[in-house]
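Here the structure is laid out as structure tokens; the discussion comes afterwards.
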There are 2 protein chains.
Amino acid sequence: MIVIDYKDRRPIYEQIVERFQELILKGVLEADSQLPSVRNLAMELSINPNTIQKAYSELERQGYIYSVMGKGSFIAVTDRLIKKKKEEILDAASQLVKLAKEYGVTKDEFTRVIIEGFKEEYDD
Amino acid sequence: MIVIDYKDRRPIYEQIVERFQELILKGVLEADSQLPSVRNLAMELSINPNTIQKAYSELERQGYIYSVMGKGSFIAVTDRLIKKKKEEILDAASQLVKLAKEYGVTKDEFTRVIIEGFKEEYDD
DNA sequence: ATAACCGTATTAAGATGCATAGTACAGATA
DNA sequence: TATCTGTACTATGCATCTTAATACGGTTAT
């Protein structure tokens, strides 16, 4: 479920945050289902509980999960987050077009890649 | 010409590298023209010469500039680098499409943003 | 020649962020 | 009551970034 890439220069807790965001937004983890406990996940990944704690705190701050003292951490409702994610992707696209224009990438070259990308078959 | 953003969490030398890459790729700095000296630029930006040195070393490693002992640092020929940059942008576009598909952004939504981005007037 | 400028190298110190280790407290549950 | 949960705190080690000071080799203008 969670894999740490030690070649990645980003901190471990950030990798964990991003991975859970992905699992949550894609619906792999359902709302109100329980996450692995801080200590368990730390054990499983062979890292320190404090690092997991830091990741969970960040996920809670961003609204992806909620934690209950003594009970555990749980997946939050994600409708709003999914919508936000889509907007971020479209913003990124807009930014990329801006960059493309600055460096002389033509509309044709660009749209060709887009069309091609959407044309591909689904492998999963 | 060069501005350091201390709110940016990336290291200073990296900001300098990126800024010069931009100026070089966009042709603001012409081939074989001289860059500010390590000590002068450090003075101007109120930072340590070693930090500039680190940025220049990285720029040289990447082929953006070349340095000559006792003379100075100079802009390299950039044709190859510009081509590479365009390819990177198209790769990024391809990656973004992949992401968009994963999160259910439709082809229509996506292309609308692209078209709109290319439609805009040039402000510079 | 010599002073003033260039790039380059080295060593030492401080600051910061990340991760670990250990301990402790509060609440839930079997 | 024992064991699980989240949470908090301090201390330590480590890597990276930045600064500081000094030094060396090469170029250039006076």
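Note that the structure is predicted; figures quoted are calculated from it, not measured.
Ring pair A/Phe118/B/Phe110: centre-to-centre distance below 6.0 Å.
Atom-to-atom, CD1 of B/Ile12 to P of D/dT16 comes out at 17 Å; the value is rounded to the nearest Å. Taking atom CZ of A/Arg61 as the reference point, atom C1' of D/dG6 lies 19 Å away to the nearest angstrom. Straight-line distance from the CZ atom of A/Arg9 to the P atom of C/dA19: 14 Å, rounded to whole Å. The distance between atom CD of B/Glu58 and atom C1' of C/dG7, rounded to the nearest whole Å, is 17 Å.
Side-chain nitrogen and oxygen atoms of A/Ser73 include at least one within less than 4.0 Å of the OP1 or OP2 phosphate oxygen of D/dG6. For C/dC5, neither phosphate oxygen OP1 nor OP2 lies less than 4.0 angstrom from any side-chain nitrogen or oxygen of B/Ser37. Using a 4.0 Å cut-off, some side-chain N or O of A/Tyr13 falls inside it from OP1 or OP2 of C/dC18.
Side-chain atoms of B/Glu30 and B/Ser33 form no donor-acceptor pair, as typed in the model, at a separation below 3.5 Å.
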For nucleotides 25-30 of chain C, tabulate all protein N/O to nucleotide N/O atom pairs closer than 3.5 Å, reporting atom names and distance.
| residue | atom | partner | partner atom | Å |
| --- | --- | --- | --- | --- |
| C/dG27 | N2 | A/Gly70 | O | 3.4 |

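Without hydrogens or angle criteria, B/Gln34 side chain to B/Lys71 main chain gives a donor-acceptor distance under 3.5 Å.
Within a 6.0 Å radius of NZ in B/Lys26, other residues, nucleotides and ligands contribute more than 12 heavy atoms.
Taking the side chain as every heavy atom from C-beta outward, B/Ile89 and A/Tyr103 approach each other to under 4.5 Å.
Scanning residues 41-54 of chain B for heavy-atom distances under 4.0 Å to DNA chain D yields B/Ile47, B/Asn48, B/Asn50, B/Thr51, B/Lys54.
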| field | B/Lys107 and A/Glu116: CA distance, side-chain angles, deciding distance, salt bridge (charged side-chain N to carboxylate O under 4.0 Å, His left out) verdict | value | CA-CA 11 Å; B/Lys107 183 179 173 181; A/Glu116 196 60 35; over 6 Å; no
| Stepwise salt bridge (charged side-chain N to carboxylate O under 4.0 Å, His left out) test for A/Arg19 and A/Glu22 | CA-CA 5 Å; A/Arg19 180 63 178 139; A/Glu22 193 184 343; 3.5 Å; yes
| request: Apply salt bridge (charged side-chain N to carboxylate O under 4.0 Å, His left out) to A/Arg112 and A/Glu109, showing your working. | output: CA-CA 5 Å; A/Arg112 191 184 313 277; A/Glu109 287 176 302; over 6 Å; no
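For the pair A/Lys54 and A/Tyr13, the distance from NZ or CZ to the six-membered ring centre is under 6.0 Å and the angle to the ring normal is within 45 degrees.
Counting any heavy atom pair closer than 4.0 Å across all strands shown, A/Ser57 reaches no nucleic acid atom. Using a 4.0 Å heavy-atom criterion, one finds that B/Glu60 contacts the sugar-phosphate atoms exclusively.
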